[in-house]
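Contents: one structure, followed by commentary.
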Number of protein chains: 2
Amino acid sequence: MKDDMKDEDVEHVAALLKTMSHPIRMRILCLLQDKELTVGDLRSEVKTSNANVSQHLTILRNKQIIASRKEANYIYNRIADKRILELISTMKNLFCPAK
Amino acid sequence: MKDDMKDEDVEHVAALLKTMSHPIRMRILCLLQDKELTVGDLRSEVKTSNANVSQHLTILRNKQIIASRKEANYIYNRIADKRILELISTMKNLFCPAK
DNA sequence: ATGACATTAAATTAAATACTTAAATGCCAG
DNA sequence: CTGGCATTTAAGTATTTAATTTAATGTCAT
């Protein structure tokens with residue numbers, strides 16, 4: 001019996017994946033892998049509006065996937081959970097072999 | 001520069017996560033980790049209708065996440081991609097520590 | 001062929017998501 | 001305190017997704 005994941009865990013993991021499963025959010029998370037970035041920084045890497053980037057960051061922040069730090073009139077965003085870094089790293093290894 | 005994931009890869013991974021991000025589909029994948037199961041088998045583990053389980057299996061099959069084998073009047077489903085197994089395993093380790 | 005069971009398909013309804021635009025907030029410099 | 005920049009919020013619309021119900025398909029056993 002290897003399937004020992006509780007209903008609660010299944011729900012939690014599914015919700016996490018759902019939050020990560022949007023291309024823009026996925027891209028944002030990749031960009032945040034090794035540094036802090038502002039909305040403006042991200043905006044220049046992701047083809048959409050500032051408002052839209054901000055909305056996606058809010059979604060990620062609400063799920064505790066990222067955290068933010070305010071400095072002057074910039075807000076720096078970073079990945080808040082090391083497990084997310086591991087997960088992204090694993091997915092890169094599995095699905096982006098020829099990098 | 002560590003962010004070397006191409007747009008195409010981001011799209012692909014996001015789509016994969018999206019497909020896996022439904023609680024019922026996540027549960028199904030966990031149940032299929034080490035064995036083949038039919039719609040009926042799965043139905044008894046997941047609280048929903050046969051038709052609904054079948055629909056979720058179709059979604060997973062269309063994305064090549066699972067494959068099916070017909071024998072008599074049963075259809076046995078299994079995980080088609082070893083990378084999915086690795087991914088599930090990683091997520092279990094990361095997010096279900098107290099198992 | 002007929003009946004029973006497993007699975008799929010179609011259609012409907014309800015609900016959640018995403019993006020755009022425009023207005024609002026917060027902060028600093030001068 | 002006023003103007004400008006960075007960011008967030010709100011409103012509105014369009015799209016996607018999910019579940020239920022019901023009908024259809026296919027296969028085996030008799």
Side-chain angles (χ1 to χ4, degrees), chain A residues 7 10-32 35-80, chain B residues 7 10-32 35-80:
Chain A
D7 277 10
V10 172
E11 297 279 345
H12 175 248
V13 169
L16 174 65
L17 293 190
K18 183 171 182 181
T19 306
M20 296 176 68
S21 73
H22 188 289
I24 291 181
R25 292 196 288 273
M26 194 67 209
R27 191 124 206 67
I28 287 173
L29 291 175
C30 285
L31 290 165
L32 292 179
K35 52 188 175 298
E36 292 185 323
L37 293 173
T38 68
V39 169
D41 296 336
L42 291 164
R43 151 70 206 270
S44 67
E45 301 273 356
V46 176
K47 247 195 287 300
T48 188
S49 64
N50 275 12
N52 192 221
V53 169
S54 176
Q55 286 168 340
H56 284 299
L57 288 173
T58 298
I59 290 168
L60 292 168
R61 201 179 302 119
N62 288 342
K63 291 284 173 43
Q64 327 277 341
I65 295 173
I66 66 169
S68 303
R69 170 179 72 83
K70 186 172 225 165
E71 184 181 310
N73 52 354
Y74 290 90
I75 294 177
Y76 292 92
N77 299 278
R78 65 180 179 281
I79 290 182
Chain B
D7 278 10
V10 172
E11 298 280 343
H12 175 247
V13 169
L16 173 66
L17 293 190
K18 185 171 180 181
T19 305
M20 296 176 69
S21 73
H22 188 289
I24 292 181
R25 292 197 288 274
M26 193 69 209
R27 191 125 204 67
I28 287 173
L29 291 175
C30 286
L31 291 165
L32 293 179
K35 52 187 176 298
E36 292 185 324
L37 293 172
T38 67
V39 169
D41 296 334
L42 291 165
R43 150 68 206 270
S44 67
E45 300 273 356
V46 176
K47 248 196 286 302
T48 187
S49 64
N50 275 13
N52 193 220
V53 169
S54 175
Q55 286 170 339
H56 285 298
L57 288 174
T58 299
I59 291 169
L60 291 167
R61 201 179 302 118
N62 288 342
K63 291 284 173 42
Q64 327 277 340
I65 295 174
I66 66 168
S68 303
R69 173 178 70 86
K70 186 172 224 164
E71 182 181 313
N73 54 353
Y74 291 90
I75 294 179
Y76 292 93
N77 299 277
R78 66 182 179 281
I79 291 183

Side-chain N or O of B:His56 versus OP1/OP2 of D:dA19: is the shortest distance under 4.0 Å?
yes
Is any side-chain N or O of B:Ser54 closer than 4.0 Å to OP1 or OP2 of C:dT7?
no
Name the closest nucleotide to the A:Lys70 side chain, picking from D:dT7, C:dT20, C:dC27.
C:dC27
Give A:Arg61 one of three labels, base, sugar-phosphate or nothing, depending on what nucleic acid heavy atoms sit under 4.0 Å from its own.
sugar-phosphate
Where the side chain of B:Asn77 meets the backbone of B:Leu37, is there a donor-acceptor pair that is under 3.5 Å apart?
yes
Looking at A:Thr48, I'd like to know whether one of its side-chain N or O atoms comes within less than 4.0 Å of OP1 or OP2 on C:dT20.
yes
Donor-acceptor pair, side chain of B:Arg25 and main chain of B:Thr19, under 3.5 angstrom:
yes
Kindly say if B:Asn52 contacts the phosphate of D:dA19, meaning a side-chain N or O under 4.0 Å from OP1 or OP2.
yes
Quick one: the side chain of B:Gln55 and the base of D:dT20, do they pair up donor-acceptor inside 3.5 Å?
yes
Determine whether a donor-acceptor pair (one donor, one acceptor, N or O, separation below 3.5 Å) exists between the side chain of B:Glu71 and the base of D:dT27.
no
What does the inter-axis angle of the helix from C:dA1-D:dT30 to C:dG30-D:dC1 come out as, five pairs per end, nearest 10 degrees?
30°
Ignoring backbone atoms, test whether A:Lys18 places a side-chain nitrogen or oxygen under 4.0 Å from the OP1 or OP2 oxygen of C:dT17.
yes
Taking only side-chain N and O atoms of B:His22, does any of them lie within less than 4.0 angstrom of OP1 or OP2 on D:dA19?
yes
OP1, OP2 of C:dA6 versus side-chain N and O of B:Thr38: anything below 4.0 Å?
no
Which comes earlier along DNA chain D counting from the 5' end, the contact point of A:Thr58 or that of A:Asn73, where each point is its nearest nucleotide?
A:Asn73
Looking at C:dA6, I'd like to know if its phosphate oxygens (OP1 or OP2) sit under 4.0 Å from a side-chain N or O belonging to B:Arg43.
no
